[in-house]
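A quick write-up on the structure given underneath.
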Number of protein chains: 2
Amino acid sequence: MPVKIKIDLNDGLYLKDPQESKLGRKIIKFSIEVINKIGFESFNFKKLATEINSTEASLYRYFENKHLLLLYLVNWYWEWINYLIIFNTMNIEDPKKKLKIIVHSLVFATMDNSLVEFIDESKLHKIVVFEGTKAYHTFEVNKEDSIGLFKSYKDLTIIIASIISEVNPDFKYPITLASNLFEMTNNQLYFAKHLPKLTDVMNSNHEKEVENMLNYFLEKLLF
Amino acid sequence: MPVKIKIDLNDGLYLKDPQESKLGRKIIKFSIEVINKIGFESFNFKKLATEINSTEASLYRYFENKHLLLLYLVNWYWEWINYLIIFNTMNIEDPKKKLKIIVHSLVFATMDNSLVEFIDESKLHKIVVFEGTKAYHTFEVNKEDSIGLFKSYKDLTIIIASIISEVNPDFKYPITLASNLFEMTNNQLYFAKHLPKLTDVMNSNHEKEVENMLNYFLEKLLF
DNA sequence: TGCAAATGGTAGCAATACTATCATACAAGT
DNA sequence: ACTTGTATGATAGTATTGCTACCATTTGCA
């Protein structure tokens, strides 16, 4: 019997837990596909419903609107990275090594085998790179924050910041560096792909080069 | 006679140059107001038209859609920062001093007197902090880039990168640092205001503290 | 087998994102 | 003063979006 893994996400994100039903899991899986294919702005529930042979009304039973669906996906991603970091740094002593693993996790965001069958993490990563910030640059940010919809991002930041402080307890801004590490990773991957004049990454292997770059920055800042 | 200043923006941004007419300038001025007030997602041309006693149809004569209007505003901002940097570093020799001025310009984005009467730069800065990345995280980014709609951002990055290289010619990733400086500034200002757990800024004077923080990072990276 | 929960099907409505057409105003040149 | 052009206003209309409501059917499981 396969181990059932469930990532617990804040229940303010959905009306009905999509992990708990077949249709719900289909919604998650194909929303990732469709958003990747047509972009978040032109994505909507009608198109997704058509794609999975369901109806708009059914999708609205799971998510209030497409913004909350995106936020759900991004939350999943935060939790996934969190999991990756914990898993991969387990049993590692040297904090510098741990930090390198964090960088690797942020850049590649992938593992040999996926956590659950209905989420393709590398496609999810693409969405986070492309559309991620839209999930928290919203007029309702304060209200959404107050009900905990960004907790996973904060948790992730705290973990990274704590390892930064292990590496160098005198570094004055560990939290800022942590959140910036996350944002910078995605930004530079985006720029490398779409606006190459805004980055030094030019090699065809963007991920590898972004990884080297981030390690270079961290060395200068912390070592 | 007052000096007429005109910022030249790529004409792919608009259908009809808003700087050239009374209504056009009103559109710019009040779009900044309304977007600040209700957020970009719920902003639309009908609401703006009502606000300025004009009509939807008239606004569509200036801008294809609200996305391009936002991109116009963000382009204006890039040009404005560019101008600020050039103006404020003029006659300064020491590149380290120049870099500090850049940081100050990015964080405060303000001057004693505004460049043109129809743009309130500090309100525009708020929009860039809040909604800025949406202007270039769009499915049409490649096409828009190919007709030059992000040239101002690239120019800005080049100027900053060149001064970074003056400070330390051995620093391996000046362009990345330049674009990240811009992104990080706005991000940290946003976090300080809306998601304070994602930053070390806690003081009430966010701008001042972000400025100190950025200078601290730059020192570690370059000096 | 039967009941509850999940989903499908259809309809409809208000708002959004435009486009088209015509009227008016005003300004510039002859 | 007369014509012409350009800018704006006024109105209307259309397709799509973003939902909500309601009822019918299917499915899972007690």
Side-chain angles (χ1 to χ4, degrees), chain A residues 1 4 6 11-31 34-35 37-73 118 131 134-135 138-140 144, chain B residues 6 11-31 34-35 37-73 118 131 134-135 138-140 144:
Chain A
M1 191 170 93
K4 272 242 176 90
K6 201 193 161 203
D11 63 13
L13 290 166
Y14 48 80
L15 299 171
K16 192 163 139 176
D17 189 345
Q19 289 183 81
E20 292 299 311
S21 75
K22 215 166 174 179
L23 178 61
R25 290 184 292 269
K26 233 172 148 189
I27 291 172
I28 301 306
K29 182 180 170 106
F30 286 92
S31 64
V34 178
I35 293 173
K37 196 151 117 201
I38 66 176
F40 184 67
E41 326 305 320
S42 51
F43 168 82
N44 64 42
F45 280 8
K46 187 155 202 183
K47 288 173 187 168
L48 178 55
T50 307
E51 187 76 15
I52 63 184
N53 295 312
S54 179
T55 63
E56 242 183 310
S58 296
L59 306 203
Y60 275 106
R61 288 181 186 120
Y62 284 87
F63 292 100
E64 248 177 274
N65 51 49
K66 72 172 185 172
H67 164 246
L68 282 161
L69 171 52
L70 177 64
L71 190 50
Y72 182 95
L73 295 176
F118 59 96
E131 324 275 9
K134 294 171 192 168
T138 160
F139 211 65
E140 285 78 33
E144 291 181 352
Chain B
K6 202 193 161 204
D11 62 14
L13 291 165
Y14 49 79
L15 299 170
K16 192 162 137 177
D17 189 345
Q19 289 183 82
E20 292 298 311
S21 74
K22 217 168 174 179
L23 179 62
R25 291 184 292 267
K26 234 173 146 186
I27 291 172
I28 300 306
K29 182 182 171 108
F30 286 92
S31 65
V34 177
I35 292 174
K37 198 152 115 200
I38 66 175
F40 183 66
E41 327 304 321
S42 52
F43 167 83
N44 64 41
F45 279 9
K46 187 154 200 184
K47 288 174 185 168
L48 178 55
T50 307
E51 187 76 16
I52 63 182
N53 296 312
S54 178
T55 63
E56 242 184 310
S58 295
L59 306 203
Y60 275 106
R61 289 182 184 118
Y62 283 86
F63 292 99
E64 247 178 275
N65 51 50
K66 73 172 183 172
H67 164 247
L68 282 160
L69 171 52
L70 177 64
L71 190 50
Y72 182 95
L73 295 177
F118 60 96
E131 323 274 9
K134 295 171 191 168
T138 161
F139 211 65
E140 284 78 34
E144 291 180 353

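Just the heavy atoms: all of them, side chains too, but no hydrogens, waters or symmetry mates, feed the values below. Residue numbers begin at 1 in each chain, while the letters A, B, ... track the order of the sequences. Keep in mind that this is a model prediction, so the values were computed, not measured.
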Below the 4.0 Å mark, does [N] have OP1 or OP2 next to a side-chain nitrogen or oxygen of [X]?
X	N	answer
Lys46(A)	dT16(D)	no
Lys16(B)	dT8(D)	yes
Lys47(A)	dT17(D)	yes

Can you tell me how far [atom2] of [N] sits from [atom1] of [X], to the nearest Å?
X	N	atom1	atom2	answer
Leu15(A)	dT7(C)	CG	P	13 Å
Arg25(B)	dT8(D)	CZ	C1'	15 Å
Leu23(B)	dT6(D)	CG	C1'	13 Å
Phe45(A)	dG18(D)	CZ	C1'	10 Å
Ile27(A)	dA6(C)	CD1	P	13 Å
Lys26(B)	dA7(D)	NZ	P	17 Å
Asn44(A)	dA15(C)	CG	C1'	15 Å
Glu41(A)	dC18(C)	CD	P	12 Å

Is there side-chain contact between Leu59(A) and Leu69(A), with heavy atoms separated by less than 4.5 Å?
no

Mind running a 4.0 Å heavy-atom check of residues 51-70 of chain A against DNA chain C and sending the residues that fall below it, in number order?
Asn53(A), Ser54(A), Thr55(A), Ala57(A), Ser58(A), Arg61(A), Tyr62(A)

Atom [atom1] of [X] and atom [atom2] of [Y]: how far apart are they, to the nearest 0.5 Å?
X	Y	atom1	atom2	answer
Asn44(B)	Asn65(B)	CG	CG	12.0 Å
Ser58(B)	Leu23(B)	OG	CG	6.0 Å
Phe139(A)	Ile38(B)	CZ	CD1	8.0 Å
Leu13(A)	Leu70(A)	CG	CG	10.5 Å

Exactly one candidate in Phe45(B), Tyr14(B), Tyr72(B) meets ring pair (Phe, Tyr, Trp, His ring centres under 6.0 Å) with Phe63(B); the answer is Tyr72(B)

Tell me which pairs pass salt bridge (Lys or Arg N to Asp or Glu O under 4.0 Å) where either residue lies in residues 38-66 of chain A, with sequence neighbours left out.
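Applying salt bridge (Lys or Arg N to Asp or Glu O under 4.0 Å) to every pair that reaches into residues 38-66 of chain A, excluding sequence neighbours, yields Glu41(A)-Lys134(A).
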
